[in-house]
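I have placed the structure first, in the form of structure tokens, so that the comments after it can refer back to it.
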Amino acid sequence: MSKLSFRARALDAAKPLPIYRSRDLPDLKDCVSINRAVPQMPTGMEKEEELEHHLQRAISAQQVFREKKENMVIPVPEAESNITYYDRLYKGELKVPKQLIHIQPLGLDNEQPDYDMDSEDETLLNRLNRKMEIKPLQFETMVDRLEKASANQLVSLPEAKLLLNEDDYLLKSVYDYWVRKRKNCRGPSLIPQIKQEKRDGSTNNDAYVAFRRRTEKMQTRKNRKNDEASYEKMLKLRREFSRTVTILEMIKRREKSKRELLHLTLEVVEKRYLLGDFTGEVLNEVTVPLAEKPVYTAPVTLTNGNRHKAELKTKMHKTGLMHQVSIKDEFPFDCVRPKKKYSKRDKLYTQRRPGRPPSQYTVNKADIKQYDFHSSGEEDYTPPLSPPSEPDEENDPDGLFAFRRKAGCQYLSPHMDQNLGVLWEHPELAGMDALRHRHSLTALSLPSRLVGLGRRRMGRGGRVILDRASSGLDVVLKQLDPDAFASPVSRTRDINRLVAQRASMSSGVSSATAASSFAEILNNIQSLRWHCFRPRPAQHQVNEGSRMGKPSLDGRVTSSLLLNTKNNGSGGITEEQYQDHQQQLAQMQKQQLAQLQQQAATPCSKQSSLLERHNIQIACYSECVSKTLDSASAHFAASAVVSAPPLGHVNNENKPHKTSVNGVLHLSGTSRPPHSATLSHSGAGISGRVSSSGIGGPLLPTHSSSSLQSLPNHRNHVSAVSPAHHHHSAQPSAPSPSALKLATVATTLDHVPKVTPASTISNLARENHEPERLLNGISETTMAMEVT
Amino acid sequence: MAQVDVVEGCRLPVLRKNQENEDEWPLAEILSVKEIPGRKLYYVHYIDFNKRLDEWVTPDRLDMKKLQFPKKEAKTPTKNGLPGSRPSSPEREVVSAHSTAGYSSQTLTCCNSKLRFKRKAESVSLAPQASPVTSVPSLPGSNGTARRLMASQPGRKRKANCGGTDEDSQDSSDGIPSAPRMTGSLVSDRSHDDIVTRMKNIDCIELGRHRLKPWYFSPYPQELTTLPVLYLCEFCLKYLKSLKCLQRHLTKCNLRHPPGNEIYRKGTISFFEIDGRKNKTYSQNLCLLAKCFLDHKTLYYDTDPFLFYVMTEYDSKGFHIVGYFSKEKESTEDYNVACILTLPPYQRRGYGKLLIEFSYELSKVEGKTGTPEKPLSDLGLLSYRSYWSQTILEILMDLKPDNGERPQITINEISEITSVKKEDVISTLQYLNLINYYKGQYILTLSEDIVDGHERAMQKRHLRIDPKCLHFTPKDWSKRGKW
């Protein structure tokens, strides 16, 4: 049978193999020749070892005998297996538990020392035990700790003391012994340990280093050499892809920010256009305070229990409504040095304390307690400077400086005589401080009248704030015609003289209301014995100039109030455009003027405060702004904003007023809520902020027209301001929490707003409609003025 | 004899007793020389014998008349020129003036004094770079072992792939050190096979009632390798330098069984499962002990990816370790055993087969076929073959004629029933010479001597695994993220 001529099919593992006994197949021998067709399977041993003598012998023995032969087994080194002391070594017996043994994974750690005492240690222990008792375990624990603390460097004796907390003698003995023993030790540690790998790879081939960490789990098939390389490549690819993803995400974020910036810019432009802020004036006001915020976190809304100290103090001064005039004061309000300011106020306060004559105005005690217009003992609280925490501003505008009512503390109402306690009563304060604290006679240009004693200072954003002081002379002074002493005024500021004047003034004031006669005062003023501020006559009687033209002081560049800014042209706009716009403006202003006159004609009491007028102005202004909402002016506004030139662009309309920070875009500030500005002038002043933010809303017109504004209205107004205000902070239509609080406060005010601090609007309302309270020395607004 | 220096790499017949306690003089290679007070000792590897029989011998067991010197040209130059750093420096290998073996004289140079000096210095040195035997090419069959002609470099014969660049792979102060793969088992890939790992370093281990003579190198702390006896705690396998230390340790160690869950118990035999990640200390101690008896194993990497199944025998003192096998938690190549060992005192009593059987029982529970990781050792091969043979023959013999038809079975079926991987089934069938090609198809034929031999063997096989006693739930380790 030439079986070799054909090839046997491969062995198929899935094919059934019939099982025969050899005896059933007598002819099998003939077929053997092709058995080789089944490939020989590898043994799985290493080639050289497969050939080893004893293995081969054993295999062949098995082949031959089909069972193991004792003398054919593979020899191995022999070892005895009878340790006689075993039972002494392993003491105790273990009963086999019925259940399978389960070990608690965490139960394995017993805190036994790894170090095991040897006979040498035992000798030491015996020696030590003569003096004191030391147990082997104690000793082992000590050595164990020493060893484990000496991984890199031998523990020093002081360290050992800390480590071991043992008796000194014992510690010293053991420590010395340990140091000696360790020196003689051949291994790296007295506790024999498997050699650890070193990071630098120097131990990669050290046979005694074992159990190296596997750095990366790399499950690849053993027999495919390139698997590891591909795996590495895949890893690298993945890393790079993930980096790409990161980069793309960052780009996405950047582009989003850019888009947002664009939208915000657009919004700002729109707002500014609505405001008529063509010169960037308003923008500056918004942005500058923001920049200053770290220094002077302005008191803001009247939120119960969240009022700012400074605000309260300002209240106590009962001084001025603020008015924003961006005149640079030569005695700048030291807003940059809040600490100093606070301390000064402290002084003022403490000085004012003594003597509280019966209060003249009706302040309900409960109200006082509730609203805490007078902070008392905590006055000397000088808050540490801290940068504003921007995310918190919305909810907690005062941040660190927030006033928190102290439980059980009585907060007292202001006293009239305190208000009288203006600075000149205290000659000791003369000198540097005197300049800042002087109160002078103050006159307004519109309406043209005296407002009594006032002090001008520079507020945030360069606005000029007038702090008014009430005095017994108020009644008299109000009757004065400001023009009466509009005579040339020496503007030399001899401090000494001023002090002298004040001194005399103070004496006059302190000698009380009755004493001073009208004529006397007038005389004093005219004879320049009293310092008096009054507006410098505007050089150009343009519309707004007639009302509130602000002359530049000392030739410094000044800027006017809001209205003023309207006329300030900006660079980058063609003459044509400008003329065009100017015409519109002129028209508007005429309307304003008409309205204004109309308003002015409305019956006012003698004390009809400037506030009212101011309201009217604002109202007019807002009205006319709304009228100017046409495409032309929109275009103008936009171009004005975009192409606003830097400082000092000379007005081609021959206006003397130049905005100092005119038209500079402060985009960075635009997205921030301007509330700080709004609220910063809590000294019962009308802040320009209010007017500017109010313009967006419909409220000011109602405000101005209302001759009898009731509290509900007032509340209305308050809440209405906030939307506008929030518009800036990109939260359209959501009333700010502060506004809501304000509203709440207003409702609880029992229809008598009292001296609602922070809220300028409430101030307005109150002063408008409750003049009898105002009379008692509550501050009033003045416009910018110059020293006369 | 004193006039000739026997150095590393030399070959000569060395006296040893065989199993019948007869003298024989197998050819051996000198791997190392050390001088203890009064005399020299030579570490010899018997050619064609397994390394486990390597030993220190006294000079009187050397047959100096048949001394063969290593050849010169295989020497590699010293790397850093530091004397003593490399036992195989050129001067060393050339030795004696009197060439008894009559080799080409140019390979022999005389530099006795130098050599002796060096050996003293290195008598206990275990510098890893030491590779005295890089050369020693095949010797003209002086001992009548003709096949040795191809087996060059007897001392490091497994480094087949190293070519002539042995040095590079072992002292790799330059270049990137080649670390073993991190996956797979603890099988040594031999690239780190050097003089250190080729020599046993532990003389004797005392474990419970037994003293063990290690067969191979194990990376116990180096300071412990000089001890005459290394003491191990029988239960936690901690290594201790003295009996006193062991005593002290036993006052603190309250283990009386391997620190794992018992997943099998029948009679006195129990199996404990230990997670190489959760119980590192024990796993490492176990590996260190096992390495003493396993050649193809490296402890290069940690034990995290392994489970250890320790077989114990219970007596009133506790659960005494008999043997163990380790197993990858996840094997990409169907390995169901990585390393497997019956401790020498328990060998040749059926425990090895019990371990193997248990490993296949686990695979049956897992529903997989499995195979031991390669390479197998000689004993491993014999044990597995024996187990496979018995297992397969058991099935084949139990097959009864079906409807008068001749019983038949596929290889796949055998594999499924036994969980033995298909390749192992085939190789066993081949080894037993059961596969025959008859009349156009493959058949399995059971010869009488095979049947008889099987029946005799099965009668001796008392220890069996009872699957009913196994309480084992396989875990899906791939879902755990980490081993």
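Chain identifiers are assigned alphabetically (A, B, ...) following the order of the sequence lines, protein sequences preceding nucleic acid strands; residue numbering begins at 1 within each chain. What you are looking at is a predicted structure, and each value in this text was computed from that prediction instead of being measured.
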> Between CD of Glu120(A) and NZ of Lys244(B), what distance do you get to the nearest 0.5 Å?
Replying inline: 13.0 Å

>> I'd like to know which of Glu413(B), Glu55(B), Gln408(B) tops the heavy-atom pair count under 4.5 Å against chain A.
In response: Gln408(B)

>> Between Lys252(B) and Leu137(A), is the side-chain contact (heavy atoms from CB on, under 4.5 Å) condition met? List the steps.
In response: CA-CA 9 Å; Lys252(B) 295 178 279 183; Leu137(A) 193 64; 3.6 Å; yes

>> I need the Glu197(A) CD to Tyr301(B) OH distance, nearest 0.5 Å.
In response: 8.5 Å

>> Can you give me the closest heavy-atom contact between His210(B) and Ile83(A), atom names plus distance?
In response: N-CG1, 3.8 Å

> Asp87(A), Asp121(A), Val209(A): which one forms the most heavy-atom pairs within less than 4.5 Å of chain B?
Replying inline: Asp87(A)

> Is there side-chain contact between Pro18(A) and Gln441(B), with at least one heavy-atom pair below 4.5 Å?
Replying inline: yes

>> Are the side chains of Lys200(B) and Pro77(A) in contact, using a 4.5 Å heavy-atom criterion?
In response: yes

> Which atoms of Ile263(B) come close to chain A, meaning under 4.5 Å heavy atom to heavy atom: side chain ones, backbone ones, both, or neither?
Replying inline: backbone

> Taking only residues two or more places apart in sequence or in another chain, which ones pass salt bridge (charged side-chain N to carboxylate O under 4.0 Å, His left out) with Arg21(A)?
Replying inline: none

>> If you compare all heavy atoms of Ala207(A) against all heavy atoms of Thr197(B), which two are closest, and at what distance to 0.1 Å?
In response: CB-CG2, 3.5 Å

> By a 4.5 Å heavy-atom criterion (distance strictly below it), what part of Tyr86(A) contacts chain B: side chain, backbone, both, or neither?
Replying inline: side chain

>> Working to the nearest 0.5 angstrom, can you tell me the gap between Ile74(A) CD1 and Leu382(B) CG?
In response: 4.5 Å

>> Heavy-atom pairs under 4.5 Å with chain A - which of Ser283(B), Gly318(B), Pro407(B) has more of them than the others?
In response: Pro407(B)

> Top residue by heavy-atom pair count (under 4.5 Å) with chain B, among Ile191(A), Asp114(A), Leu55(A), Leu89(A)?
Replying inline: Leu89(A)

> Would you call the rings of Tyr208(A) and Phe217(B) parallel, tilted or perpendicular if under 30° counts as parallel and over 60° as perpendicular?
Replying inline: perpendicular

> Do you know which two heavy atoms are closest between Leu224(B) and Pro192(A), and how far apart they sit?
Replying inline: CD1-CB, 3.7 Å

>> Determine whether a donor-acceptor pair (N or O, by modelled atom type, separation under 3.5 Å) exists between the side chain of Lys317(B) and the backbone of Tyr90(A).
In response: yes

> Heavy atoms, side chains only, cut-off 4.5 Å: are Glu223(B) and Cys185(A) in contact?
Replying inline: no

>> Given heavy-atom pairs under 4.5 angstrom as the criterion, report whether the side chain, backbone, both or neither of Tyr115(A) touches chain B.
In response: backbone

>> If you count heavy-atom pairs within less than 4.5 Å of chain A, which of Lys422(B), Lys213(B), Gln284(B) leads?
In response: Gln284(B)

>> Main chain of Glu93(A), side chain of Arg256(B): is a donor-acceptor contact present, judged purely on distance under 3.5 Å?
In response: no

> Which atoms form the tightest heavy-atom contact between Asp116(A) and Lys238(B), and what is the distance?
Replying inline: OD2-NZ, 2.9 Å

> For Arg23(A), is it the side chain, the backbone, both or neither that has a heavy atom under 4.5 Å from a heavy atom of chain B?
Replying inline: both

>> Using heavy-atom distances under 4.5 Å, tell me whether Phe272(B) contacts chain A through its side chain, its backbone, both, or neither.
In response: side chain

> How close do Pro219(B) and Ala210(A) get, heavy atom to heavy atom, and via which atoms?
Replying inline: CG-CB, 3.9 Å

>> Can you tell me which portion of Thr84(A) sits under 4.5 Å from chain B's heavy atoms? Options are side chain, backbone, both or neither.
In response: neither

>> For Arg52(B), which atoms come within 4.5 Å of any heavy atom of chain A: side chain, backbone, both, or neither?
In response: both

>> Taking side chain as everything from C-beta outward and backbone as N, CA, C, O, which of these in Glu140(A) sits under 4.5 Å from a heavy atom of chain B? Side chain, backbone, both or neither.
In response: side chain

>> At a 4.5 Å cut-off on heavy atoms, which part of Asp24(A) comes close to chain B: side chain, backbone, both, or neither?
In response: side chain

> Side chain, backbone, both or neither: which part of Tyr220(B) has an atom under 4.5 Å from a heavy atom of chain A?
Replying inline: backbone

>> What I'd like to find out is whether the side chain of Ile409(B) reaches to under 4.5 Å of the side chain of Ile19(A), using heavy atoms alone.
In response: yes

>> For Arg248(B) and Asp118(A): C-alpha separation, side-chain torsions, deciding distance, then whether side-chain contact (heavy atoms from CB on, under 4.5 Å) applies.
In response: CA-CA 8 Å; Arg248(B) 282 297 310 157; Asp118(A) 59 17; over 6 Å; no

> Of the backbone (N, CA, C, O) and the side chain (C-beta and beyond), which part of Lys91(A) lies under 4.5 Å from a heavy atom of chain B, both, or neither?
Replying inline: backbone

> Could you walk me through whether Tyr431(B) and Thr43(A) pass the side-chain contact (heavy atoms from CB on, under 4.5 Å) check?
Replying inline: CA-CA 10 Å; Tyr431(B) 168 73; Thr43(A) 60; over 6 Å; no

> When heavy-atom pairs shorter than 4.5 Å are enumerated against chain A, which of Gln347(B), Glu423(B), Glu234(B), Gln247(B) gives the highest number?
Replying inline: Glu234(B)

> By a 4.5 Å heavy-atom criterion (distance strictly below it), what part of Gln193(A) contacts chain B: side chain, backbone, both, or neither?
Replying inline: backbone

> Which answer fits Val425(B), side chain, backbone, both or neither, if we ask what part of it has an atom under 4.5 Å from a heavy atom of chain A?
Replying inline: neither

> Heavy atoms, side chains only, cut-off 4.5 Å: are Asp48(B) and Gln56(A) in contact?
Replying inline: no

> Quick one: what part of Asn82(A) sits under 4.5 Å from any heavy atom of chain B, side chain, backbone, both or neither?
Replying inline: backbone

>> Quick check: do Asp378(B) and His54(A) have side-chain heavy atoms less than 4.5 Å from each other?
In response: no

> Can you find a pair of side-chain heavy atoms, one from His257(B) and one from Ile103(A), that are under 4.5 Å apart?
Replying inline: yes

> Do the side chains of Tyr20(A) and Asn436(B) get nearer than 4.5 Å, heavy atoms only?
Replying inline: no

> Could you walk me through whether Leu100(A) and Asn261(B) pass the side-chain contact (heavy atoms from CB on, under 4.5 Å) check?
Replying inline: CA-CA 8 Å; Leu100(A) 293 181; Asn261(B) 290 335; over 6 Å; no

> In terms of heavy-atom proximity below 4.5 Å to chain A, should Ser242(B) be classed as side chain, backbone, both, or neither?
Replying inline: side chain

> Between Ser377(B), Pro214(B), Ser218(B), Pro345(B), which has the largest tally of heavy atom pairs under 4.5 Å with chain A?
Replying inline: Ser377(B)

> Distance-only, no hydrogens or angles: does the Gln19(B) side chain make a donor-acceptor pair with backbone N or O of Val73(A) under 3.5 Å?
Replying inline: yes

> Hey, which of Glu405(B), Glu206(B), Lys291(B) has the most heavy atom pairs under 4.5 Å with chain A?
Replying inline: Glu206(B)

